[in-house]
There are 2 protein chains.
Amino acid sequence: MADINTGPNPLFLREDQLHQAMELLFYAYRDFTAECDAMLATYGFGRAHHRVIYFVGRYPALSVSELLGILRITKQSLSRVLGELVEQGFVSSRPGPTDRRRRVLELTEKGRVLESRLSTIQRACIARAYREAGGEAVAGFRKVLLGILNGDDRRRFERGA
Amino acid sequence: MADINTGPNPLFLREDQLHQAMELLFYAYRDFTAECDAMLATYGFGRAHHRVIYFVGRYPALSVSELLGILRITKQSLSRVLGELVEQGFVSSRPGPTDRRRRVLELTEKGRVLESRLSTIQRACIARAYREAGGEAVAGFRKVLLGILNGDDRRRFERGA
DNA sequence: GTATTTAAGTCAACATGGCTGACATAAATA
DNA sequence: TATTTATGTCAGCCATGTTGACTTAAATAC
């Protein structure tokens, strides 16, 4: 059970295990985002808005360039989505206190409400899976996912999150 | 370590753990697909083509409706992508042997070459993470991911994959 | 104090990959 | 024969990514 290379044809099993992992990631990501996508649609928002809402909520006083570094999209792409969120009062964008070129992004009260509704959905999804799988499985889950991250992300993740 | 609810403020820790899981999924999925996206671009293809190539390769003689059920997109969306792949000779589409309304999808030799190049990238990524994490972590990883799938997918996955 | 760099924003054009709705065709089935 | 099913197709729309060129304001270097 613990050895992923047992069986009559270790090489084949290994390949099959890897395929299973690839598919699990695909299915899990798809199902993980489905419910939130539906709720976002009622606001006229998409998954891109969710990501902004999420990271701004999670890392208050984030700057635009930091957000770009996390999302890995162009500033033109971000600006469309972020602009809508600021425009509609979900995110506030103020000049930084020391460096006034930077913009300090925060969720407004309205933004926090939406963030909370979305997070509730996803937390429930993860919490259920965690509860069913048990603490040891959770540790393994995190260990493997962390290993999939590239070096930069892993370091940022280990530092920041 | 095994108990995800330890610490001075169990509720907060729990919430933080859940946030970490959400972010890990985001980062891992992004990094997992990045290399393949770059290679696909050299063919003029995108991630949607990859999914088709992958599932047709993995489940030979798949029908269009089965593929639709896996991908959860509309047939119009699929048709664009699948049409290109058939047109350019990566996927063959023939009438089914018994039910001639169905189309039997298979990778061509050309398609298998591309599939192999893409799979090599992703298998390496997973294999490295698996190797670093160890067999027990792998079991936990799979258990948690499986728990994130909705019921239908979980059943299909447990049956088919 | 001027020159340069940096953070952010903007305009325009384009590509990918989702979506809906309406309709067509051929084959299986009632 | 009538209906249902599997697939394909046309047309248009939307969300979200891209590149390239340019602007503005503030910080920093010389």
Side-chain angles (χ1 to χ4, degrees), chain A residues 26 29-30 33-34 36-56 61-88 91-106, chain B residues 26 29-30 33-34 36-56 61-88 91-106:
Chain A
F26 167 72
Y29 199 77
R30 194 198 53 185
T33 49
C36 281
D37 287 351
M39 154 167 297
L40 286 158
T42 71
Y43 286 79
F45 292 152
R47 206 178 288 178
H49 299 85
H50 186 185
R51 291 197 278 259
V52 171
I53 290 264
Y54 175 80
F55 284 109
V56 170
L62 206 62
S63 72
V64 170
S65 59
E66 285 164 341
L67 191 47
L68 286 173
I70 290 173
L71 298 176
R72 296 268 180 85
I73 58 176
T74 59
K75 69 177 170 177
Q76 293 92 331
S77 292
L78 174 58
S79 120
R80 191 164 28 202
V81 172
L82 179 57
E84 285 168 8
L85 289 169
V86 170
E87 174 92 19
Q88 295 178 40
V91 172
S92 72
S93 168
R94 292 167 309 156
T98 63
D99 185 337
R100 297 203 329 266
R101 291 170 308 176
R102 294 168 64 93
R103 310 294 295 188
V104 170
L105 304 175
E106 314 257 17
Chain B
F26 167 71
Y29 199 79
R30 194 197 53 184
T33 50
C36 281
D37 287 352
M39 154 165 299
L40 286 157
T42 72
Y43 285 79
F45 291 152
R47 205 176 289 179
H49 299 86
H50 186 185
R51 291 196 277 257
V52 171
I53 290 263
Y54 175 81
F55 283 109
V56 170
L62 206 61
S63 71
V64 170
S65 59
E66 286 165 342
L67 192 47
L68 286 174
I70 291 173
L71 299 176
R72 295 267 178 85
I73 58 176
T74 60
K75 67 178 172 177
Q76 294 91 330
S77 293
L78 174 58
S79 121
R80 192 162 33 200
V81 172
L82 179 57
E84 285 169 8
L85 289 169
V86 171
E87 174 93 19
Q88 296 178 38
V91 171
S92 74
S93 167
R94 292 166 310 157
T98 63
D99 185 338
R100 299 204 327 266
R101 289 171 308 178
R102 295 167 66 91
R103 310 293 297 184
V104 170
L105 304 175
E106 313 258 17

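Sequence lines set the chain letters: A, B, ... in the order given, protein chains first and strands last, and positions in each chain run from 1. Side chains are part of it too, since the values below use all heavy atoms of this structure and drop only hydrogens, waters and symmetry mates.
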query = Once you round to the nearest 0.5 Å, how far does CG of B:Leu67 lie from CZ of B:Arg103?
reply =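 Between B:Leu67 CG and B:Arg103 CZ, I get 14.0 Å after rounding to 0.5 Å.
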
ask   = Hey, does the side chain of B:His49 come within less than 4.0 Å of C:dT16's phosphate (OP1/OP2), counting only N and O?
value =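 Answer is no, no contact under 4.0 Å.
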
Sugar-phosphate only, base, or nothing, as touched by [X] at under 4.0 Å among non-hydrogen atoms:
{"X": "B:Ser65", "result": "sugar-phosphate"}
{"X": "B:Ser77", "result": "base"}
{"X": "A:Arg80", "result": "base"}

ask   = Within the modelled atom types, does a donor on one side and an acceptor on the other bring the side chain of A:Gln76 and the base of D:dG20 under 3.5 Å apart?
value = yes

query = Does B:Arg51 use its side chain to pair, donor to acceptor, with the backbone of B:Ile70 at less than 3.5 Å?
reply = no

query = Hey, what's the ring geometry for A:Phe45 with A:His49, parallel, tilted or perpendicular (30° and 60° as the breaks)?
reply = parallel

key: Close approaches to DNA chain D from residues 96-103 of chain B, in residue order (heavy atom, under 4.0 Å)   = B:Arg101, B:Arg102, B:Arg103

Proximal nucleotide (of D:dT7, C:dG9, D:dG17) relative to the A:Ser93 side chain =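 Comparing D:dT7, C:dG9, D:dG17 against the side chain of A:Ser93, the answer is C:dG9.
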
Give the rounded distance in Å between these two atoms: [atom1] of [X] and [atom2] of [N].
{"X": "A:Leu85", "N": "C:dG9", "atom1": "CG", "atom2": "P", "result": "13 Å"}
{"X": "B:Lys75", "N": "D:dT5", "atom1": "NZ", "atom2": "P", "result": "13 Å"}
{"X": "B:Glu66", "N": "D:dT5", "atom1": "CD", "atom2": "P", "result": "16 Å"}
{"X": "A:Leu78", "N": "C:dA7", "atom1": "CG", "atom2": "P", "result": "15 Å"}
{"X": "A:Leu67", "N": "C:dA7", "atom1": "CG", "atom2": "P", "result": "15 Å"}
{"X": "A:Arg72", "N": "D:dT19", "atom1": "CZ", "atom2": "C1'", "result": "19 Å"}
{"X": "A:Asp37", "N": "D:dT16", "atom1": "CG", "atom2": "C1'", "result": "13 Å"}
{"X": "B:Tyr43", "N": "C:dT16", "atom1": "OH", "atom2": "P", "result": "17 Å"}

inquiry  = Let me spell it out: for each of B:Leu68 and A:Glu84, pick the nucleotide of DNA chain D with the closest heavy atom. Which residue's pick is nearer the 5' end?
reply    =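 Its nearest nucleotide being more 5', the pick is B:Leu68.
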
